[in-house]
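Both ligands and their constituent atoms are indexed starting at 1 by order of listing. Just so it is clear, the structure is predicted and the values come from calculations on it, not from any experiment.
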Amino acid sequence: MNNRFQTNFEYACNDRKEVLVIKQKDIDRLRVEPGKKIHLKDFNTEWDKLDKYEEAGETALKAQLNLLLAKNLTDLTKAQQLLYVDDRYSVLIVFQAMDAAGKDSTIKHVMSGVNPQGCQVYSFKKPSLEDAGHNFLWRYAKCLPERGRIGIFNRSYYEDVLVVKVHPELLQNLPEGKVNKAFWQGRYDDINAFEQHLHRNGTIILKFFLNLSKHEQKKRFLERIDKPEKNWKLTEADLAERDYWQDYMVAYEEAINATSTEWAPWYIVPADNKRVTRALVAETITSTLKSLELNYPKVSKEQADFLINAREKLVLDS
Ligand code: AMP
Ligand code: MG
């Protein structure tokens with residue numbers, strides 16, 4: 001531990017007598033209340049709570065955020081095991097964001113502690129011809145998590161009211177007259193009904209919009225050019241879509257306002273600091289799973305008798 005780190009860290013932990021913690025109210029503030037109209041410009045892309053700890057120094061804050069994430073990963077591992085054993089709920093976690101907002105790295109870090117057998121990640125790219133031949137929810141419905149599992153959608157059916165709304169030429173072939181004034185509201189209604197159907201069947205749905213600033217995206221794109229090991233990450237499409245930033249913000253705002261429901265709420269997570277994003281996402285998932293009060297199943301009388309007999313037999317076994 002170098003001196004600067006030690007001093008900063010102790011300052012954060014002791015002198016301020018307040019270790020950086022994420023409280024339920026911090027999570028609640030990210031959630032978009034159903035029926036309430038939000039404006040994205042009112043949501044900070046940085047985490048305001050960090051301001052309070054700024055004097056502690058960057059190194060101390062990084063250490064604190066890593067600690068927070070680590071604690072949540074331990075809890076998440078336990079919660080996932082219970083989810084699996086309990087076998088009543090499934091969990092669907094949706095990630096949406098502009099390019100370079102940190103979807104991939106958040107998924108990688110937050111899910112690093114969970115048993116791969118209980119978790120599946122699907123990344124959705126441009127629809128295939130077969131996908132485009134079906135209704136817009138078809139390809140996503142095939143990837144939903146089974147009971148007891150966590151399913152992660154890296155992009156999702158929301159692309160069909162985001163990128164497709166910004167570029168309507170991407171719309172599937174639809175009969176004349178279908179793309180009328182009510183078309184997008186119809187898609188929001190379809191999504192709400194789809195998610196309510198899943199909820200009624202035991203799926204817990206969490207949706208994260210990683211809220212990145214245009215300025216931070218520029219910084220991350222430049223890094224992808226300047227760091228050779230990141231060169232592969234920047235595509236022409238990324239740069240082209242940046243030109244539509246404002247259109248995307250409008251599409252996101254409309255989609256979030258129309259589809260944040262009791263059964264499938266949106267969380268708007270500050271994304272300009274990757275450690276903050278990971279810590280907040282991990283905390284939201286963990287606290288949601290904990291609130292389900294999952295339990296190991298009660299051992300029946302028959303199973304208890306069987307276990308006693310099995311033990312006796314095994315102990316005497318050569
Ligand atoms: P990436 O996640 O950066 O690899 O990029 C995937 C690309 O696929 C993004 O440009 C998305 O906008 C695009 N994409 C994902 N889903 C759809 C969809 N349903 N319709 C059109 N484009 C999509
Ligand atoms: Mg991309």
Side-chain angles (χ1 to χ4, degrees), residues 40 92-111 120-144 151-174 178-179 183-184 186-192 194-195 207-214 216-227 229-256 258-259 266 269 271-272 274 277 281:
L40 275 181
L92 174 65
I93 305 174
V94 169
F95 285 95
Q96 284 291 159
M98 296 299 282
D99 283 306
K103 292 191 301 300
D104 297 38
S105 76
T106 303
I107 293 169
K108 184 171 109 186
H109 281 85
V110 173
M111 304 320 282
Q120 265 177 316
V121 183
Y122 292 95
S123 296
F124 293 99
K125 313 281 177 192
K126 286 195 176 66
S128 68
L129 271 180
E130 191 189 13
D131 296 332
H134 291 81
N135 73 74
F136 84 97
L137 291 171
W138 180 78
R139 68 166 173 157
Y140 310 99
K142 290 192 299 180
C143 302
L144 292 168
I152 299 195
F153 281 5
N154 182 348
R155 301 189 190 272
S156 65
Y157 39 88
Y158 282 97
E159 289 295 327
D160 296 80
V161 291
L162 295 166
V163 64
V164 182
K165 196 171 185 192
V166 172
H167 301 286
E169 66 277 12
L170 293 175
L171 264 175
Q172 294 130 307
N173 257 345
L174 292 169
K178 290 280 181 207
V179 190
F183 180 79
W184 297 108
R187 284 211 161 176
Y188 301 140
D189 293 346
D190 290 344
I191 288 175
N192 285 338
F194 177 64
E195 291 179 339
K207 303 180 296 200
F208 294 104
F209 169 56
L210 308 189
N211 189 21
L212 181 76
S213 67
K214 197 175 178 193
E216 181 63 25
Q217 190 196 52
K218 174 176 161 177
K219 225 173 103 189
R220 292 184 190 175
F221 277 0
L222 284 171
E223 224 177 79
R224 290 179 178 189
I225 295 169
D226 296 338
K227 291 194 176 161
E229 73 279 12
K230 291 196 172 182
N231 283 173
W232 63 275
K233 280 191 173 182
L234 191 70
T235 65
E236 271 182 48
D238 293 342
L239 219 58
E241 292 315 290
R242 182 175 162 81
D243 289 341
Y244 292 89
W245 186 276
Q246 202 39 42
D247 296 347
Y248 272 107
M249 289 306 109
V250 171
Y252 267 108
E253 199 169 282
E254 288 173 352
I256 290 171
T259 62
W266 273 106
V269 183
D272 280 1
K274 286 196 172 189
T277 312
V281 167

Within reach of ligand 1, part of R155 (heavy-atom separation under 4.0 Å) = side chain
Could you pull out, from K103, K233, R139, the option with a heavy atom nearest to atom 16 (N) of ligand 1?
-> R139
among protein heavy atoms, the one nearest atom 4 (O) of ligand 1 is K125 NZ, 2.6 Å
Provide, to 0.1 Å, the distance between atom 8 (O) of ligand 1 and the closest protein heavy atom, together with that atom's residue and name.
-> K126 N, 3.4 Å
Identity and separation of the nearest protein heavy atom to atom 12 (O) of ligand 1 = E159 OE1, 3.1 Å
Under-4.0 Å heavy-atom contact with ligand 1, by part of T235 that carries it | neither
Let me see the working for D160 and Y140 under side-chain hydrogen bond (donor to acceptor under 3.5 Å, both in side chains), right down to the final yes or no.
-> CA-CA 11 Å; D160 296 80; Y140 310 99; 2.8 Å; yes
Lys/Arg-Asp/Glu bridge criterion (N-O < 4.0 Å) met for E223, R220 = no
Among S156, A100, P127, closest by heavy atom to atom 20 (N) of ligand 1 is P127
Decide whether an N or O pair under 3.5 Å exists between D238 and ligand 1.
-> no
Using a heavy-atom cut-off of under 4.0 Å, does the side chain or the backbone of D99 touch ligand 1, or both, or neither?
-> side chain
Per residue D99, nearest N, O or S atom to the Mg ion (ligand 2) is named OD1
Indicate yes or no: does D99 engage R155 in a salt bridge with an N to O separation below 4.0 Å.
-> yes
Looking at residues at least two apart in the chain, or sitting in another chain, which of them share a ring pair (Phe, Tyr, Trp, His ring centres under 6.0 Å) with F95?
-> F208
So, is the end of the R139 side chain (NZ or CZ) under 6.0 Å from the ring centre of F124 and within 45° of the ring's axis?
-> no
Value for SG (C143) from CG (L92), rounded to nearest 0.5 Å, stands at 10.5 Å
Under a 4.0 Å heavy-atom limit, does F95 contact ligand 1 with its side chain, its backbone, both, or neither?
-> neither
Atom CG in L234, atom CG in N231: separation rounded to 0.5 Å?
-> 8.5 Å
Protein heavy atom under 4.0 Å of atom 10 (O) of ligand 1 = no
Between K218, K214, K219, which is the residue that forms a salt bridge (charged side-chain N to carboxylate O under 4.0 Å, His left out) with E216?
-> K219
